Each structure stands twice: as structure tokens, then as C-alpha cells.
Amino acid sequence: MLAQKTLTVASSIFWTWSLRHLVVLFSLCGFINGYSDRDRVQDLMSRYPLIDGHNDLALQLKILHNNHLTQIDLHNVSKMATDITRLQAGHVQAQMFSVYVLCGAQDKDAVRLTLEQIDVIRRMCTEYPDFELVTSAQELKDSEMRRKIACLLSIEGGHSIDSSLPALRMFYQLGVRSMALTHTCNTPWAESSSKRYNVYQRDNHSLTYFGKAVVEEMNRLGMIVDLSHTSWDTAWAVLNHSRAPVIFSHSSSYTICNHSRNVPDWLLHELKRSRGLIMVNFYNKFISCRDEANISHVADHFDHIKKVIGAQSIGIGGDFDGAESFPRGLEDVSKYPALIQELLQRNWTENDLANVLRRNFLRVFEEVERVRDQLRLSPPSEVQISLVEVQNPCRLVLRPPSSRVLPSKESPSSSAQHRPLGLLVIVLLPFILLMIE
Amino acid sequence: MFVLQSRAESWKLLIVCRFTASSLQQTCLNMLAQKTLTVASSIFWTWSLRHLVVLFSLCGFINGYSDRDRVQDLMSRYPLIDGHNDLALQLKILHNNHLTQIDLHNVSKMATDITRLQAGHVQAQMFSVYVLCGAQDKDAVRLTLEQIDVIRRMCTEYPDFELVTSAQELKDSEMRRKIACLLSIEGGHSIDSSLPALRMFYQLGVRSMALTHTCNTPWAESSSKRYNVYQRDNHSLTYFGKAVVEEMNRLGMIVDLSHTSWDTAWAVLNHSRAPVIFSHSSSYTICNHSRNVPDWLLHELKRSRGLIMVNFYNKFISCRDEANISHVADHFDHIKKVIGAQSIGIGGDFDGAESFPRGLEDVSKYPALIQELLQRNWTENDLANVLRRNFLRVFEEVERVFQLQRRITGSTVCLAGKDLSIHRFVISYV
């Protein structure tokens, strides 16, 4: 019995010992592999830090802090998915910050509210030395050299311009380099993918004459046209009209998740034809079509889009702080590396990932600027939307002055014409008299 | 005896006498002699008079030429910086901002164009960004952006113009022989009670703002009661109004008191850390219109090292529908007497009003005013100050105040909920 027990104990000790060592060994191997993956991601993202297409930090500043920047420290902010510390941890080198004004402000004070959002982002990006406001592809690249997080301004919704091309130009002057033509409401000249707001519902409305003028002016200025939130008809019309490549700053694949905010394959083909870019959105409802999702679901979108149009047309537009729920493992802006790791494990090449992280966006931005340079001799557009089309009760209507009351002078100018003649006579009189002599 | 009007007639008489009958010859000759004497003396006087007339005309001509010459010379060395011009408003009213449809070198129906600005020796012009008071609480902000856009376009598309946003750029533009454009908002209703909007207008190049036009804002008072809005007690400059002034000081934007009520002007003069201006207002003592500035307020202005830029509109100059250069010069004389020539500038208000004095109908006529002032013994030094140097001094001091306050971050003062209009979208989050 003793011998049997000793044998049993000895063998169990041996197996436990082996098992333990095997576990340790495999853990080590697993650890080495995992460490290697994470290492690879860190290395890759250090060389090609992310340019993200859409972030709603400014909206949260408005909602939670009423734009009182002085009351918070943007290095570490609770209740938000975005702050400087986490952006740096997530290797975000450039962020398109969304200038967003609620659709309810359309036909009210959308323009003023837009100026306020532009102001808060500009302040944020100039008051914090970690940030740098950029307005060109070159400045974006320079900011990487300086190890800054580049801020780009991007308007989310054409209702911000109140159907005014001069307003669009002035927003460009203030640094805005991208605009989504609609948010969740139609404008008088373009259509949203959402029917949430019952405004400007019209036939043949996907992109009106004025809408085309908006796109042309954006091309002329060098402002990126963003099709996220627009209806598919509007997107298709824009893709056929724009001379510069366009983007979806935060939309995902309709085939993987059939939400109207996502992009169907046929539209992806149009996008590719126009050398555009789709920047994938992480919001659960667009990723898994449910209230929850995980990184694998997100990676499925990338895989599918790569299969349809290739990795040269893909980017990342997380939509952090602009939606309510994000996938497990991708809860905030520090988690981008986890997604890149998943893609690496799905055999995405480093070249593909470098394109997705950064180079595709730069290519598009530079081409938009080239189109601007080609159009530099075109004069600013003077197209104005008709009152019938805009239907805004908040617009002041100027009536032309009546013919009786001219806005400029009347008789003073005519008497001024006689004056020089009289002077002439007086001047010449002595000469006349002398001649008589 | 009739008086001969000319020698020709005396010659005719001689010929007649020669051919009359001898019996009448003596009488004829007597008549001739008398007539000749009369003719001779009248000829003498006419001749003298004629020469005297010629002499005096020549003298007058030489003097007039000399004055005009002096004016041209003076204004070439100190070309005008004018405080207020409404060309952009006319572009809106007459052309709907369609710049491509006109040539700004020569424009009919307006008092302002490039050719006449150059003739008037205007080297810098504050162009008014003006939106009708009826747009307050509606789309004033958008319309303001549109007026800023049209002026920016005008000043960048025409090589005769140059958009400037600092005193240094203004001086540089003179070297380059350009007409400098400055942007100046006319009415606080343009900012829709939003300090961020004010900041963004500054970013777009606006360097001056009149706190009101002919309507009160929720935070300041106009001199006019034309629009029955925001009529309140203790309203000349509210807490928010003070915040506006402070933010303008911090940004380096000139505060303009034309169109504000005297109470508002007084409150601002006591609150602003930088000198302020009246971009287009004249003297209340000379013409008692509520848009003009009374002597006591002029003293406050002087104390604050500010500037009053005289408006030429007839109703502010003579208090009547017509006026002349002399009336305008009276304003200058009076203000100089009260606070000195260092506090005076010119803000013609061309294209912003209906009637201007005889001789000052458009922007080419400024030299006529300077000539009048010269004849009233204004020194060239005084005139150089009025034309240009006073404004530069004020602008530079406003910039110095901005430099001193640069470390202060942007103000986040907001208007209280009760002051909001119905056209504001009020966000409420659960």
C-alpha cells in the first residue's frame, strides 16, 4: 500500500510539476507572443500615429461644462471618453474635432452656436501646449515632428451655414477644413439619412442647385466634403459632382450592420472611384446593430471594406464622445491600439495599417488642397438661395428701396457738375479781358 | 448825351461826321469833341478797371492755387484715415453683394469708389460692417458674416486695396501706396450677445465695433428710440455690457461709441482700459442732434485719450437738410476749442447717410475741407494729427492694452437666461 501510494504521489507530483512547468512554458510563450503583438502595435503606431476622423469632445464641453474651459483640466477629464492623457496613450496624433450644433437650432441661432463651438475648439487647441491647431496637410505633418496633437476643425451639419456661402467662407477663414453636409436633419439643399426631424422633406431634394453650389464652393476653398449623416442619394449626387475626393468621417459598413448611417457596398464602389475615404465609426449600434459589441465586430467592418474596395480607402473615425456606447475594449481614445492589434492578428500588413492609420487621410487632404490650387482663379461663388427654398421665418427680408427715396445723393451731385463750369468762366475771364485789349 | 459803350461807336460817329453836310459839320465836330472826351475818359476807366479786375483775379487765383497746392502737399504727406464708410451697405442694397457685377474703380449711385478715394487722398478707410436693426434676434450673425465676407473680398480682390488688421500693417500699406481697409462692425446686435462670436469676428479681422446702432441691445443703449426693443431702466451698460467692453480691450478691438446713448458712452468711458472712439459723430453744441457729442462728454473722451471723428451728414452738421463746408469746419473749430486738435479725426459717413454738404458730396472732396481749415489758421501739425496721426495713436494704444492683457484667457461670461430671445435655441439636457 505504501509503495502504491508513494508511486501515486510521486507520479502526481511529477505530473503537477510538469503541468505547472508546461503552464508556465505556454504562458511564457503566450506572453512572448502577446508581448510581441503589443510591442508591434506600439512600434507601428509610434511610426504612424493615428489621424482620427471624428470626435465630439466639444459637444461634451458644451453639454457638461457650458464651454467653461477654465473650469476643467483637459489632461484628465472624467465623464468623457477623450482627454489629452488618453489621446496620447492611444497614439492619436491628429484629431478632427467636430463643430456640432443641434438640429433644433436650424433656422434659429445655428450660426452663432457654430461660432461658439469653433471658438471653444480653437481656445482648447491654442491654450494647451499639447495641442496644435492645424489647417493644412503640411501643418499636420509638421505637428507630428513637434510631437503635438494636431487639431482639425470639422463642422457637422450644413445647417450651420444657414444656406449662406459667405458664412461657409468665413468658417473656412476661421480654420474649418471639413463639413458634413447634413446631420440628422435635412437642410433646404441636401438630405439626411435620418428622418428624426421633419423638416425640408421634399422630392428631388438629395442635392439641389444650391447644394451643388455648396459642394463647388467647398472644392474651391479646399474644404473636405464629409458625407456621414447624409442620405445615400445625397452621397451619390455629391460623389458625382465633387471635383475633389470626399470622405465619410464616421460611418461603417451597411453589409455588416444594416443601419441607415452606414455605407452600402455600391456606394463604397463610388467612393473608391472618386479616391475617397471611409473612416470607420465604433458606435455599437453601427458596429453590431445592437447595444453591445466587441473589437472583433469592429474588425469585421474593416475586413469587409478592405475586401470590397481595398485598404487604401479606409480610415478611422471613432465618434468618441458623440455616441452612447462603445465596444468592449474600445471604450475610449486610449484603446485604439487594441483594434490595431486585432487587425494585425487578422494578417493586415503593416503597410495597410500605416495607410489606415494615417496615410490615406493625408493623401485625400492633399488632393483636396490640389483641387483648391487648380481652382484658384475661380472667383468666390455669389450663388444665393431663394427665400422660397429656404423658408426660414428667422431671416430678415430686405426690400429694395422705392425709386422716390434713393439710398444715395440726389441734387448735390448735379449741382457739383455745374460748379467746375462756373469756375472755368471766372478763371478765364481775365484772359478773355486781356485778349480784348 | 448818350454814353458811348465802345470806341467802335466813336469811330462810326467820326465817319458819319465826315460825310454830313458842311453846314452841320461844326455842330457835328462839337459833338464829336465832347463825345471823344467822354469816350476817352470812359475808355481810361474801363481800361483801368479791366486791369484791376485782371490783377485781382490773378492774385485771387494765385492765392487759391497756393492753398490748394498746400492742401495737396499736406494730404500727400499725411493721407487721410477715415473712420466710417458704408460702401458695403450700398453693395448689399444696390447689388446684393454681387461684387462680380460691378467695377469698384468707378461706381455710379455711390459716394465711394477707388478713383474718388484716391482723389480724396484717403489712405485708410474703416469700412462699416452693418446689419439692419431688424435682424436683431433673427439672422444678424449670419448677415454680419456676409458683410465681413464682401468687404474682405473687395479688399483682397482689388490690388488698390489692402486689408489691414494692425497699426503697423496700416503704416506699411501707406508705404506700398495702397488704400488700407479696416473692418468695423456697426452695432452690438451683430454679436447676438455672445462673446465667442465677438472673438470670432476679431479673428476674421474686425478691429472696431460700435456697441449699438439705432436699437438697444440687451446690454447697452442706443441714442435712438427708433426701435422699441430692450427698453429698460439702468440699462446703459449692464454687467454683460461691461464684459463685452473688457473682452474688446483684451482682444485689442477698438470700442466705438457712435450711436450709443450718452449714458452708455459715459459708462464705457469709465470702464474701458483702452481709449475709445466716436467713429462718426459731430458736436452737439454746434448742432443739437442726439447723435452728436455734448461738450461734457468730449471732456470725458479727452480724459480717456479718445478720439472723435467728425461726421459730415447734413442733419448732424447744420441740423438742417443742407449745409456747406463752413458748417463742417465750425464743428472742427468748436471741438478744437473744447478739447484740442489731438482728439479729432474724420469719419465722413459717406454712403451711410442721405445728404452731404455742398462741396463735400463724396470721398474725393476731403481736400476742400482741409483747405477751409487751413484758411481758418489750423496749423499743418494740427491737420496732420486730424488726418492721420491721432487715429494711429489711439489704435496703437488699444494694441498696447491688448499686449498687456494677453495672458488673460478668453472670457466665458454668458448672458443670463432671461435675456434670451425666443429665436434662441435653448439646450436643456436631462
Side-chain angles (χ1 to χ4, degrees), chain A residues 62-63 66-71 101-102 104-105 108-113 115-120 122-123 127 161-162 164-167 169-171 173-175 379-380 382 384 392 394-396 398 400-401 405-410 412-413 415-416 419 426-427 429-431 433-434 436-437, chain B residues 47 50-51 53-55 57-58 61 89-90 92-94 96-101 109-111 131-132 134-135 138-143 145-150 152-153 157 191-192 194 196-197 199-201 203-204 351 354-359 361-362 409-410 412 414 423-425 427 429:
Chain A
K62 176 80 178 175
I63 294 174
N66 208 6
N67 286 353
H68 286 258
L69 269 183
T70 47
Q71 292 174 3
V101 157
L102 288 171
K108 288 191 177 189
D109 50 357
V111 178
R112 174 187 62 88
L113 290 167
L115 288 177
E116 296 193 347
Q117 291 313 99
I118 294 175
D119 174 69
V120 79
R122 288 187 63 105
R123 284 187 55 202
E127 287 170 24
I161 67 168
D162 194 11
S164 163
L165 296 183
R169 285 194 280 272
M170 292 298 98
F171 289 145
Q173 187 65 34
L174 290 170
E382 293 180 344
Q384 293 176 3
N392 181 351
C394 231
R395 277 188 168 222
L396 177 72
L398 274 181
V405 182
L406 288 171
S408 62
K409 51 196 166 57
E410 310 112 327
S413 61
S415 68
R419 188 166 288 273
I426 293 166
V427 163
L429 185 61
F431 294 108
L433 293 170
L434 273 169
I436 293 169
E437 280 293 299
Chain B
W47 179 89
R50 213 179 285 158
H51 276 77
V53 164
V54 166
L55 204 65
S57 306
L58 263 172
F61 186 64
L89 175 65
Q90 297 304 321
K92 175 81 180 175
I93 293 175
L94 299 175
N96 210 0
N97 286 353
H98 287 263
L99 269 184
T100 46
Q101 291 175 1
K109 294 192 286 181
M110 286 191 212
V131 157
L132 289 171
K138 288 192 175 190
D139 50 355
V141 178
R142 175 186 63 87
L143 290 168
L145 288 177
E146 295 192 349
Q147 291 312 99
I148 294 175
D149 175 68
V150 80
R152 287 187 64 105
R153 283 187 57 199
E157 288 170 26
I191 67 168
D192 195 11
S194 161
R199 286 193 281 271
M200 292 299 96
F201 289 144
Q203 186 65 33
L204 291 170
D351 282 318
E354 302 98 45
S355 60
F356 287 87
R358 278 188 306 283
E361 296 85 356
D362 63 49
T409 57
T412 47
C414 295
H423 288 284
R424 270 175 177 244
F425 176 63
I427 301 175
Y429 295 99

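All figures in this text were calculated on a predicted structure; none of them were measured in a lab. To find a chain, count down the sequence lines: A is the first, B the second, and so on, and within it residues start at 1.
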How close do B/Leu145 and A/Met170 get, counting heavy atoms only, and between which atoms? O-CG, 3.7 Å

Where does A/Arg395 contact chain B at under 4.5 Å (heavy atoms): side chain, backbone, both or neither? both

Just by modelled atom types, is the B/Asn96 backbone N or O under 3.5 Å from a matching donor or acceptor in the A/Gln384 side chain? yes

Return the set of residues passing side chain to side chain contact (heavy atoms under 4.5 Å, CB included) with B/Leu89 (not counting sequence neighbours), or none when no residue passes. B/Asp86, B/Ile93, B/Tyr130

Step by step, work out the side-chain contact (heavy atoms from CB on, under 4.5 Å) result for B/Arg199 and A/Arg122. CA-CA 11 Å; B/Arg199 286 193 281 271; A/Arg122 288 187 63 105; over 6 Å; no

Go through the atoms of A/Gln117 and report whether side chain, backbone, both or neither lie under 4.5 Å from a heavy atom of chain B. neither

Of B/Lys92, B/Glu146, B/Glu157, the largest count of non-hydrogen pairs under 4.5 angstrom with chain A goes to B/Glu146

Closest heavy-atom contact between A/Ile161 and B/Arg142? O-CD, 4.4 Å

Which residues pass the side chain to side chain contact (heavy atoms under 4.5 Å, CB included) test with A/Glu382, sequence neighbours left out? B/His98, B/Leu99, B/Thr100, B/Arg153

Return the CG to OG distance between B/Asp149 and A/Ser164, rounded to the nearest 0.5 Å. 7.5 Å

